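Counting starts at 1 for both ligands and their atoms, following the listed order. Computed from a predicted structure; not experimentally measured.
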Amino acid sequence: MSYTIALNFEDGVTRFIGCKEGETVLDAAYRQKVNLPMDCSDGVCGTCKGRCEQGAFDLGDEYIDEALSDEEAAEGQVLTCQMVPASDCVIQVPVASTLCKTAVGQVEGTVAAVESLSEDSIELTIDLDDGAELAFLPGQYIHITVPGTGEHRSYSFSSRPGESRVTFLIRNVPNGVMSGYLTERAAVGDRLTLTGPLGSFYLREITRPVLMLAGGTGLAPFLAMLEQLARKREEGQGGEAPIHLIYGVNQDDHLVKTEALDALTEQLPTFTYSTVVVDEASDHPRKGYVTHHMDAEVLHDGDVDVYLCGPPPMVDAVLKHFDAQGIVPQSFHYEKFTPNQVAVAEEVA
Ligand code: FES
């Protein structure tokens, strides 16, 4: 039996390693040439401390309180030299990947399809070379080279992890480097380089209601998260906590992937979604901004984990809205993106 451990470094780089039954995370990492911080490797110094965000494990009772106190352990902190996983895990490592002599990964692939979904968004499908399956945490992004330019742009996966075919929702930006390539020159079979995965905007273990807020092509990471949850459901995993998505766009014809969202409501009985359109002239039943439609029933008096992916003004508006309503969600993870680039992932817990 082997488990997959995602090591999420301070600089946003994620490395996936395999951990054998009974092996500590530290030993597994070293075996795979990831030099996690360590000094004693004996549960004494505390140098190897990290935070386990997801998964089951055993810390044993060989370490001392000075290395890891009971309070720290109760908060999810771990000593990687003592931690023996009992399932797949996600661990936050509080140093940069370069300090651990590891780096972001790189894979090659070819363009399998480019489809214009609306005037505003394009779906790019890439087949990875040799059927390679790309490991990432649903919600994360990757750099994609733009052929013929020497530049890259960053996009969140809209497909679930562990597939050899990956998809992205890309905003069609006038004069954008990637938009120009996709609308004017892209052809099936074009070679692309993908560098990543990256980012700390990813779905954590679901232990309470979840509210997802998507603006425009900010829908992409939520599709990846929901597809992953649907797969887990198929495998008999997954809880009963409600998950609600509010998906806002500027105009009616910017709403895309609603068939996929409808299918997800069938596959995931705990999932519901609503759409919102800004355009005054729209006949849509819900108009305005996402914040106008965050009803009490989806806020659960703050007992909710909130995920938001959208442009900076949307992030600011939602933060202000929470403030004005006196709501402090249990956690708030957000990713701001500019038209050309995923920008910053942040977390308020
Ligand atoms: Fe010293 Fe883990 S390396 S406690």
*Asks:* Does F332 have its ring centroid less than 6.0 Å away from the ring centroid of F322?
*Replies:* yes
*Asks:* Listing by chain and number, which protein N, O or S atoms are under 2.8 Å from atom 2 (Fe) of ligand 1?
*Replies:* C48 SG, C81 SG
*Asks:* Strictly under 6.0 Å, is that where the ring centroids of Y141 and F157 end up?
*Replies:* no
*Asks:* Could you list the residues that satisfy side chain to side chain contact (heavy atoms under 4.5 Å, CB included) with Q140, not counting sequence neighbours?
*Replies:* N8, T14, F136, L137, P197, Y202
*Asks:* Are R233 and Q267 close enough that some pair of their side-chain heavy atoms sits under 4.5 Å apart?
*Replies:* no
*Asks:* Got a sec, which residues hit side chain to side chain contact (heavy atoms under 4.5 Å, CB included) with E235, two or more places apart in sequence or on another chain?
*Replies:* R231, Q237
*Asks:* Does H292 have any ring pair (Phe, Tyr, Trp, His ring centres under 6.0 Å) partners at least two apart in sequence or in another chain, and if so, which?
*Replies:* Y289
